[in-house]
S.K.: 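Before I ask anything, here is the structure I am working with.
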4 protein chains.
Amino acid sequence: MPKKTGMKKTPAGGSKGQQILQAAREIFKEKGFHAATTAEIARKAGVAEGTIFNYFRTKKELLFALLEPFNAEEVGAFFCQVAGETDREKLHLFLENHLLFVKENFDLFRILLYESQFHPELREQFINKVVLKTLEPVEKHLSKGMEEGVYRHVDPSIAARAFFGMLTVFVAWSEVLQADDFIQFDEREVIEEVIDIYLRGIKKTPFKR
Amino acid sequence: MPKKTGMKKTPAGGSKGQQILQAAREIFKEKGFHAATTAEIARKAGVAEGTIFNYFRTKKELLFALLEPFNAEEVGAFFCQVAGETDREKLHLFLENHLLFVKENFDLFRILLYESQFHPELREQFINKVVLKTLEPVEKHLSKGMEEGVYRHVDPSIAARAFFGMLTVFVAWSEVLQADDFIQFDEREVIEEVIDIYLRGIKKTPFKR
Amino acid sequence: MPKKTGMKKTPAGGSKGQQILQAAREIFKEKGFHAATTAEIARKAGVAEGTIFNYFRTKKELLFALLEPFNAEEVGAFFCQVAGETDREKLHLFLENHLLFVKENFDLFRILLYESQFHPELREQFINKVVLKTLEPVEKHLSKGMEEGVYRHVDPSIAARAFFGMLTVFVAWSEVLQADDFIQFDEREVIEEVIDIYLRGIKKTPFKR
Amino acid sequence: MPKKTGMKKTPAGGSKGQQILQAAREIFKEKGFHAATTAEIARKAGVAEGTIFNYFRTKKELLFALLEPFNAEEVGAFFCQVAGETDREKLHLFLENHLLFVKENFDLFRILLYESQFHPELREQFINKVVLKTLEPVEKHLSKGMEEGVYRHVDPSIAARAFFGMLTVFVAWSEVLQADDFIQFDEREVIEEVIDIYLRGIKKTPFKR
DNA sequence: AATGAATGAGAATTCATTCAT
DNA sequence: TATGAATGAATTCTCATTCAT
């Protein structure tokens, strides 16, 4: 009786382990980690409750396993595809990619962010695998821009975070606060506005479009 | 440094109800809402477990009661104290107040934000009592600035959110991610940088300090 | 601080003790003994919860006190008022009185009967104070009738119980089963029919009206 | 003496669900529904407390499940087996069956009757599954007897209830009041007497044995 | 006498986890 | 491997009862 084969194998999308992982993600999203029951996850995954524990030692381990997909390379690669010509185009692509990425995984991020409060290992992984990998290309872009004299001299760590913060606040608005019924923002418009403000804010010369 | 900013009365700090509320806040912060047990709250509050339910019908109600201190007026007032001369000074005050306010209540916000996902009433109250009240003065400031021709024409709803997003991201960095051991930011420096970028971003004329 | 003055005194209808007793009876009727809470009884009685325990040591004692009104004499007297001329008239009066008495106190009887299962003292009191006192006059009537040669020779204990059983079943139908929406019986008709059957059943000579 | 009269399957007498049901019945009988604890039921059933809730969602459902054995058909069938020759024999069989049936299930009936006060669904089921099914054959017997000119014209609904009332009162005497130490009745004698009175009471012609 | 805040021993119910099949 | 019945510790909430005022 092989005890927990680990959580990484069973890469095939249809394998039991993947089914469970997928189901867990959905239930976690719906109910939160604590309120999600293994019974419900099993039901959604189409497996017996006991089967979950053949793949994951504990419910907590199941949560951690959800971080696995975020491999350093992938997240990095995702953000390096930005190949715009102008700075504006580049930041545009950063933001669009960021938005896409965050929206795609927001259910997960929310849970992981919340639970990482109680599980330091989770926190560290999340920072390394997701957050830093996201910031990195923008920080590099800014540094390069400053070297080239295009951007004012700012702290790239600060500026990069501020950049993402400007957009993330809108994701939080609709995803966390679900406040779209208060004001609904047009994604395109928000991106334009944010980039406008931001670029004017860091460009060296008086901003001209 | 004003203590208990934005908080209500606490008429008799030692009253049982207040003790319970305070204990709940601490335990919630430590464990999260679900993982916090009424037994532990009672222990910390120094009352019997049953006593909790003399003051709050359910554990959930105890959570909701934590929102009460955030009265619309008070939160509003808090942000209207900004009486700087220049725009820079005004935004400075906004940000400093915001930072103070958020940091003071971050433990609460985190819980309320997370739980509001599962309790719509909570969500709505939080948005109305805290979020909108925070945004309002900045939106007004921006609108006025645009009218007066100081600021470019931007959507104040977007710009105000972007403004707070630029800073909030740093609060999240240290409070949610607890990532100060990765990079530790200097609060003063961050505020300066953020305002610099932001003001240049929205000022009409080429930015001059 | 006078400890429980007992439950008998305070005879005045408006006294605290009586208010409590009355409230208890109503709540017990509504919810049953176990589901009734002292808090609710206190509220209905218009007294503080603690006050109940100045009059009755325990909730159980409060239940027992409800039996007090049924004094041997009263119940006896109630059934001795039957002063009909003919046997038919006499039984008629017995039944009418019985019905009146049972209906008036059914809420109490139901509770006492049920709870007497778990409290032998209650059971004994109930039998002596209510049941036997009710049967007695009919048993006597039957015995006399047999002596006088009007009735066949039957066991008066059995016949008296059978007599009340014939009617009580209808009270149970509407009060316990609340089955009036299945069939609704006319009280007058039932009494007539029951007496008809019963008198024919015990009269010595072939029955003639 | 047929065992489990009117009871359903019990497919595997030892199955956990049946054990629990049986234990519940016993504890309910002993303590009443409210005072019975799931802990005690579990102990008596020889299962863990949680196991109860794998079989019955709530304690209340456990109560309801006790009604299931009383299938309309079976209860009906039970009372249709009366195949006596004379009317006296038939009523005799009715009563004997009734007595057997009631005594066998009295513990249950008492609880169900009491609790049906607070649970309308229970009440309705009890009336339909047990009470009406019990009355029906006697009502039919009476109707037929009237048609055939054997019985006087009486309301069969009333007469049938009165009939069972005459006997049920004795069951109540020993089972509810547990008053056998006051007077102990001989079952055989009671039945004879009751039938005697009843038949004389409804027969058309002056009664002759 | 009257109060009602405080108590804390239970009660029903949930659920992650185990393990025999 | 997969199962799912069984477990029982843990949890929220109730309520009769006490007692200081």
Side-chain angles (χ1 to χ4, degrees), chain A residues 1-5 10 15-17 20 34-43 45-62, chain B residues 15-17 20 34-42 45-62, chain C residues 1-5 10 15-17 20 34-43 45-62, chain D residues 15-17 19-20 34-43 45-62:
Chain A
M1 181 172 49
K3 261 300 165 75
K4 106 224 34 61
T5 10
T10 52
S15 83
K16 289 264 156 73
I20 293 167
H34 264 98
T37 68
T38 51
E40 200 172 0
I41 293 170
R43 206 179 317 128
V47 302
E49 207 173 346
T51 305
I52 290 178
F53 295 90
N54 290 337
Y55 287 87
F56 308 93
R57 240 190 308 251
T58 62
K59 190 186 168 194
K60 187 173 158 181
E61 200 167 90
L62 186 51
Chain B
S15 89
K16 288 264 155 70
I20 292 168
H34 264 99
T37 69
T38 51
E40 198 171 1
I41 293 169
V47 301
E49 203 171 352
T51 304
I52 291 179
F53 297 92
N54 288 341
Y55 288 87
F56 307 93
R57 259 193 301 261
T58 61
K59 190 186 168 194
K60 186 173 159 180
E61 200 168 89
L62 187 50
Chain C
M1 181 173 47
K3 261 305 168 70
K4 104 223 36 55
T5 12
T10 53
S15 83
K16 287 264 157 73
I20 293 168
H34 263 99
T37 68
T38 51
E40 200 172 0
I41 293 170
R43 206 180 317 129
V47 302
E49 207 174 346
T51 304
I52 291 179
F53 295 91
N54 289 337
Y55 288 87
F56 308 94
R57 240 190 309 253
T58 62
K59 190 187 169 194
K60 187 172 157 182
E61 200 167 89
L62 186 51
Chain D
S15 90
K16 287 265 156 69
Q19 281 168 247
I20 293 167
H34 263 100
T37 69
T38 51
E40 199 172 359
I41 293 169
R43 206 180 317 127
V47 302
E49 204 172 350
T51 304
I52 291 179
F53 296 91
N54 288 341
Y55 287 87
F56 307 93
R57 259 192 301 260
T58 61
K59 190 186 167 195
K60 187 173 157 181
E61 199 168 89
L62 186 50

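Numbered from 1 within each chain, the chains take letters A, B, ... in sequence-line order. Both backbone and side-chain heavy atoms feed into the values below; hydrogens, waters and symmetry mates do not.
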S.K.: Between atom CD1 in B/Ile41 and atom C1' in F/dA10, what is the gap in whole Å?
M.R.: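 Atom-to-atom, B/Ile41 to F/dA10, this comes out as 15 Å.
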
S.K.: Determine the contact category for D/Ala36: base if any of its heavy atoms lies under 4.0 Å from a base atom, sugar-phosphate if only primed atoms, P, OP1 or OP2 are that close, otherwise nothing.
M.R.: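 It contacts sugar-phosphate atoms only.
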
S.K.: With a non-hydrogen cut-off below 4.0 angstrom, is A/Thr38 in contact with a base, only sugar-phosphate, or nothing?
M.R.: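 The answer is base, as A/Thr38 lies within the cut-off (heavy atoms under 4.0 Å) of a base atom.
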
S.K.: State, to 0.1 Å, how close C/Phe53 and C/Thr38 come at their nearest heavy-atom pair, and which atoms those are.
M.R.: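 Heavy atoms of C/Phe53 and C/Thr38 come nearest at CZ-CG2, 3.9 Å.
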
S.K.: What is the distance, to the nearest angstrom, from the CG atom on D/Leu62 to the P atom on E/dA11?
M.R.: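 For the pair D/Leu62 CG and E/dA11 P, the rounded distance is 16 Å.
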
S.K.: Could you pick out which residue, A/Thr58 or D/Thr58, lies toward the 5' side of DNA chain E when each is mapped onto its nearest nucleotide?
M.R.: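 Result of the comparison: D/Thr58.
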
S.K.: Tell me the partner of E/dA1, counting only Watson-Crick (N1-N3 plus N6-O4 or O6-N4) or G-U wobble (N1-O2 and O6-N3) with both under 3.5 Å; none if nothing fits.
M.R.: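 The base-pairing partner of E/dA1, which may sit in any strand shown, does not exist here.
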
S.K.: With a 4.0 Å cut-off on heavy atoms, is C/Ala35 in touch with a base, just the backbone sugar-phosphate, or nothing at all?
M.R.: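 Counting heavy atoms under 4.0 Å across all strands, no contact is made by C/Ala35.
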
S.K.: Which one is paired to E/dT21, where only Watson-Crick or G-U wobble pairs with both distances under 3.5 angstrom count?
M.R.: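 Looking at the geometry, E/dT21 pairs with F/dA2.
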
S.K.: Students often get this wrong, so: under 4.0 angstrom with heavy atoms, is D/Thr51 touching a base, only sugar-phosphate, or nothing?
M.R.: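 The residue D/Thr51 makes base contact.
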
S.K.: Could you give the CZ-to-P distance, from B/Phe53 to E/dA9, as a whole number of Å?
M.R.: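 Computing the B/Phe53:CZ to E/dA9:P distance gives 16 Å.
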
S.K.: Can you tell me the distance, in whole Å, between the CD1 atom of A/Ile52 and the P atom of E/dA16?
M.R.: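 Rounding to the nearest Å, CD1 of A/Ile52 and P of E/dA16 are 9 Å apart.
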
S.K.: When both hydrogen-bonding distances must be under 3.5 Å and the geometry is Watson-Crick or G-U wobble, what is F/dT7 paired with, if anything?
M.R.: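 The base-pairing partner of F/dT7, which may sit in any strand shown, is E/dA16.
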
S.K.: Can you tell me how far C1' of F/dG8 sits from CD of D/Glu49, to the nearest Å?
M.R.: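 About 9 Å, once rounded to whole Å.
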
S.K.: Of the non-hydrogen atoms in B/Ala45 and B/Ile20, which two are nearest, and what is the gap between them?
M.R.: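 Result for this residue pair: CB-CA, 3.8 Å.
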
S.K.: Nearest-Å distance, CD (B/Glu61) to P (F/dT14)?
M.R.: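 Interatomic distance, CD of B/Glu61 to P of F/dT14: 11 Å.
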
S.K.: Whole-Å distance between F/dA16 C1' and B/Asn54 CG?
M.R.: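 About 13 Å, once rounded to whole Å.
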
S.K.: Using a 3.5 Å distance criterion without hydrogens, assess whether the side chain of B/Lys59 forms a donor-acceptor pair with backbone atoms of B/Ala36.
M.R.: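 Checking the backbone N and O of B/Ala36 against the side chain of B/Lys59, a donor-acceptor pair under 3.5 Å is found.
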
S.K.: If the condition is salt bridge (Lys or Arg N to Asp or Glu O under 4.0 Å), which residues does D/Glu49 pass it with, not counting sequence neighbours?
M.R.: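 Once residues adjacent in sequence are excluded, D/Glu49 has no partner under the salt bridge (Lys or Arg N to Asp or Glu O under 4.0 Å) criterion.
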
S.K.: What is the distance from NZ of B/Lys59 to C1' of F/dT11, rounded to the nearest Å?
M.R.: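 To the nearest whole Å, that distance equals 8 Å.
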
S.K.: Counting any heavy atom closer than 4.0 Å, what does D/Tyr55 reach on the DNA or RNA strands: base, sugar-phosphate only, or nothing?
M.R.: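 Contact class for D/Tyr55: sugar-phosphate only.
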
S.K.: Identify, between D/Thr37 and A/Lys60, the residue whose nearest nucleotide on DNA chain E lies closer to the 5' end.
M.R.: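 Whichever sits nearer the 5' end wins; that is D/Thr37.
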
S.K.: Give a yes or no answer on whether the side chain of D/Glu61 reaches the backbone of D/Phe56 with a donor-acceptor pair at less than 3.5 Å.
M.R.: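 Checking the backbone N and O of D/Phe56 against the side chain of D/Glu61, no donor-acceptor pair under 3.5 Å is found.
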
